[in-house]
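Sequence lines set the chain letters: A, B, ... in the order given, protein chains first and strands last, and positions in each chain run from 1.
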Amino acid sequence: MEMDQLVALCKRRGFLFQSSEIYGGLNGFWDYGPLGVLLKKNVKDAWWNDMVMSHNEMIVPKGAPQTYEMTGLDCTIIMHPQVWKCSGHYDLFHDYMVDCRESKKRYRYDHVRGRWVTGTKRGEGGAPGQQMRVFVTTMETENTQTALDEVALKFFGLRKKDVETLQWEGDIFPISRLDDFSDVLGPDAKHVGTLTAPREFNLMFKTVIGALGGEDDASFLRPETAQGIFVNFKNVCDSTRVRVPFGIAQVGKSFRNEITPRNFTFRSREFEQMEIEFFCHPSQSAEWYRYWRDRRFSWYTEMGLAGERLRLREHDADELSHYSCGTADIEYQFPFLPPGEFGELEGIAHRGDFDLRSHMEGKLVKDGNTLVVEKNEHGQPKHRGSGKDLTYYDDLTKERFTPHVIEPSAGADRATLAFLCESYNVDTAPDENGKPQERVFLKFNPRIAPIKAAVFPLVKKDGMPEIAAEIYGELKKSMSVFFDDKGAVGRRYRRQDEIGTPYCITVDGQTVQDGTVTLRDRDTLKQERVKKDELLAELNGRLGR
RNA sequence: GCGGGUGUAGCUCAAUGGUAGAGCCAUAGCCUUCCAAGCUAAAGACGAGGGUUCGAUUCCCUUCACCCGCUCCA
């Protein structure tokens with residue numbers, strides 16, 4: 001399937017539009033159309049229903065260490081600025097970058113390190129040339145000096161055996177200590193002075209609280225919904241009777257000022273997340289991590305992403321965040337990605353006690369194998385925590401501890417996009433002359449199909465429209481249905497196929513006589529006669545409601 | 001943010017320094033008894049801003065968006 005066909009279908013049928021399209025669009029922002037809003041809502045509802053509403057805390061689910069409770073939250077998009085300082089997002093999302101005019105590469109300002117060196121550039125025919133003092137640079141590596149040797153040799157046009165002729169001076173230090181880059185050789189450059197001045201990249205959307213707000217009132221749109229759950233952990237414990245282990249779920253918008261939004265809705269600047277923060281005893285956290293990883297993977301397969309295009313990828317040890325004991329991505333092979341590449345739908349992370357501790361003590365950094373509060377130059381916490389006690393006291397075991405967190409964090413827009421890609425199907429169906437015609441249909445799981453059924457009068461006479469309208473009205477009380485009496489019935493079927501409607505109900509001449517209608521299946525094209533009074537029950541059964 | 005490419009109707013494609021054409025889709029009506037049929041009607045576009053020009057969709061500049069490659073990817 002070519003992605004542009006799906007994009008065209010999404011626009012033609014009203015699933016997705018570019019934001020502010022009449023003004024030329026806005027990079028990284030997308031609007032859901034009349035059908036798209038139904039589809040995405042169904043995805044979110046399915047998630048909420050399966051994870052929260054239908055969860056039975058009285059029985060042990062398959063694969064779980066024990067029973068657990070689930071509850072929900074809906075937090076604000078703008079939160080106290082200190083939330084983002086303690087979570088680490090403030091420091092992490094404020095990057096200074098330098099660009100190389102020659103190699104067209106971009107580097108993180110604080111990651112480019114180098115050292116002064118003096119050498120003699122090889123001239124024409126191997127003759128000695130000009131002597132130069134240059135600050136050669138490289139990205140941080142395990143052995144920075146070796147990397148610098150290579151860069152310097154290449155710059156001066158020397159062989160490996162000439163390495164002794166290089167006169168190094170001083171220590172290796174980041175270029176952020178230099179005021180002037182005119183004698184700096186970029187990591188991938190052939191000439192000196194090609195690096196631009198550092199420029200700030202703010203990956204969080206900044207806004208101002210209050211009409212007269214200045215820089216002191218600066219706040220941020222949340223880059224993830226998770227932090228709202230952590231800062232409300234104590235409120236939830238104190239106001240409901242939940243006991244650890246339990247999970248808090250939240251669905252909501254998040255915002256990231258991505259450098260390169262691309263690939264349709266896959267990387268958007270405004271997007272919606274479906275997140276669970278699951279709190280458990282540290283001794284059980286590894287088991288819970290495995291439970292949630294497997295549970296979330298099977299959710300996607302049950303929703304229709306079964307097959308080779310979906311995979312579970314456990315992160316390597318060196319890929320893990322410093323606080324994590326395990327992270328897995330659920331990934332989908334989107335059609336717009338190069339062959340063999342997968343895009344992340346959801347990450348399941350073992351976050352340890354990092355988050356709750358951060359909001360108690362202040363922003364944490366790794367010191368050896370432990371987490372300690374990051375200090376500023378005065379020896380005080382760089383970002384001060386709330387000081388509130390976010391530990392948990394277990395009445396039964398008489399134990400106080402900081403719960404560990406398992407975080408299944410899913411992208412609602414990415415899941416919706418994956419379902420769209422997966423359901424896009426083309427087959428051939430005979431037209432009225434028996435000639436095979438190409439048919440495009442979206443093979444949605446009926447749970448997420450925007451329209452569950454369409455009702456047609458075969459022709460506009462003999463009382464058929466009236467009966468169809470009556471059936472339509474009855475069904476509409478309990479599901480999204482569509483009425484269509486325009487044009488030939490074959491065209492109406494195709495139109496429903498293209499938006500993924502699982503069933504079409506047609507009132508024909510026989511309906512007037514015996515009260516039965518035809519029920520057509522989207523995938524098999526087969527029709528069965530069903531009594532119109534039994535239609536609702538029949539549909540509910542087939543839709544698994 | 002950088003480099004390259006592309007912007008004409010919802011889609012696919014024309015033409016033009018002087019009133020921008022067509023097919024499909026979509027809309028309304030007629031006709032039609034089961035898988036995109038037919039007839040009729042009406043509607044619909046030069047991505048945006050500026051400049052040159054008597055006149056710019058066409059030439060120039062800027063900008064925006066999309067595609068590809070870098071970069072980024074908590």
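Using atom P as the reference point in both U8(B) and A45(B), the two lie 14 Å apart (nearest Å). When the C1' atom is compared between U32(B) and A37(B), the two are found 9 Å apart, to the nearest whole Å. C72(B) and U16(B): their C1' atoms are spaced 44 Å apart (whole Å). Look at the P atom in both G1(B) and G21(B): the space between them is 40 Å, to the nearest Å. Separation of the C1' atoms belonging to C13(B) and C46(B) is 14 Å when rounded to the nearest angstrom. The gap from the P atom of A48(B) to that of A9(B) amounts to 10 Å, rounded to the nearest Å. Annotation: A26(B) and G69(B) have their C1' atoms spaced 38 Å apart (nearest Å). The gap from the P atom of G17(B) to that of U57(B) amounts to 13 Å, rounded to the nearest Å.
Across all strands shown, Asn27(A) has heavy atoms under 4.0 Å from sugar-phosphate atoms exclusively, and none from any base. Residue Gln18(A) is classed as a sugar-phosphate contact, given heavy-atom separations below 4.0 Å to backbone atoms only. At a threshold of 4.0 angstrom between heavy atoms, the contacts of Asp462(A) include nucleobase atoms, whether or not backbone atoms are also involved. No contact: Glu344(A) has no heavy atom under 4.0 Å from any strand.
The distance from atom CD1 of Ile22(A) to atom P of G10(B) is 12 Å, rounded to the nearest whole Å. When the P atom of A26(B) is taken as reference, atom CD1 of Ile499(A) falls 13 Å away, rounded to whole Å. With rounding to whole Å, Lys461(A) atom NZ is found 10 Å from C31(B) atom C1'. Here G29(B) presents its C1' atom at 9 Å from NZ of Lys460(A), a figure rounded to the nearest Å. Between Asp427(A) atom CG and C35(B) atom P the separation is 15 Å, expressed in whole Å. Going from atom NZ of Lys11(A) over to atom C1' of U12(B) covers 14 Å, rounded to whole Å. Rounding to whole angstrom units, CD of residue Glu21(A) and C1' of G7(B) are separated by 13 Å. Atom CZ of Phe29(A) and atom P of C66(B) are 11 Å apart (whole Å).
Remark: the Glu224(A) side chain and the Ser254(A) side chain contain no N/O donor-acceptor pair separated by less than 3.5 Å. For the 3.5 Å distance criterion, the side chains of Asn376(A) and His383(A) fail to qualify, holding no donor opposite an acceptor. Residues Thr506(A) and Asp508(A) bring no donor and acceptor atom of their side chains to less than 3.5 Å of each other.
Figure legend. C31(B) is base-paired to no nucleotide; pairs are counted as Watson-Crick or G-U wobble with both atom distances under 3.5 Å. Pairing for A65(B) is with U6(B), a Watson-Crick or G-U wobble pair whose two hydrogen-bonding atom distances lie under 3.5 Å. Under the Watson-Crick or G-U wobble criterion, with both distances below 3.5 Å, C70(B) is paired with G1(B). Across all strands shown, A37(B) remains unpaired; no Watson-Crick or G-U wobble contact has both distances below 3.5 Å. With a 3.5 Å ceiling on both atom-pair distances, the Watson-Crick or G-U wobble partner of C11(B) is G23(B). In this structure C46(B) sits in no base pair that meets the Watson-Crick or G-U test at under 3.5 Å. Pair check for C59(B) finds G51(B); Watson-Crick or G-U wobble, both atom distances under 3.5 Å.
Residue Arg491(A) places at least one side-chain N or O under 4.0 Å from the OP1 or OP2 atom of A37(B). A close approach under 4.0 Å does occur between a side-chain nitrogen or oxygen of Arg495(A) and OP1 or OP2 of A26(B).
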Thr327(A)/Tyr289(A) under side chain to side chain donor-acceptor pair (under 3.5 Å): CA gap, chis, key distance, verdict: CA-CA 8 Å; Thr327(A) 298; Tyr289(A) 165 70; 5.8 Å; no

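Listed nucleotides: A36(B), A65(B), U33(B). Nearest to the side chain of Met464(A): U33(B). Comparing A37(B), C34(B), C25(B) by their closest approach to the side chain of Ala488(A) singles out A37(B). With G69(B), C35(B), C34(B) as the candidates, the nucleotide lying closest to the side chain of Arg262(A) is G69(B).
Residue side chain Tyr23(A) does not reach the base of C64(B) through any donor-acceptor N/O pair under 3.5 Å, judged by distance alone. With hydrogens and angles left out, the side chain of Arg439(A) and the base of C35(B) share no donor-acceptor pair within 3.5 Å. Scanning atom types as modelled, one donor and one acceptor separated by under 3.5 angstrom connect the side chain of Arg267(A) and the base of C73(B). Taking only distance into account, the side chain of Arg494(A) meets the base of A36(B) through a donor-acceptor pair shorter than 3.5 Å.
Remark: aromatic rings of Phe278(A) and Trp292(A) are close, center separation under 6.0 Å. A centroid separation of 6.0 Å or more is found between the aromatic rings of Phe334(A) and Phe264(A). For Tyr90(A) and Phe220(A), the gap between ring centers is short of 6.0 Å.
Nucleotides of RNA chain B nearest to Phe264(A) and Gln527(A) differ in position, and the one nearer the 5' end is that of Gln527(A). Nearer the 5' end of RNA chain B, as judged by each residue's closest nucleotide, is the contact made by Gly28(A), out of Gly28(A) and Pro223(A).
Qualifying side-chain contact (heavy atoms from CB on, under 4.5 Å) partners for Glu438(A), counting only residues two or more places apart in sequence or in other chains: Val426(A).
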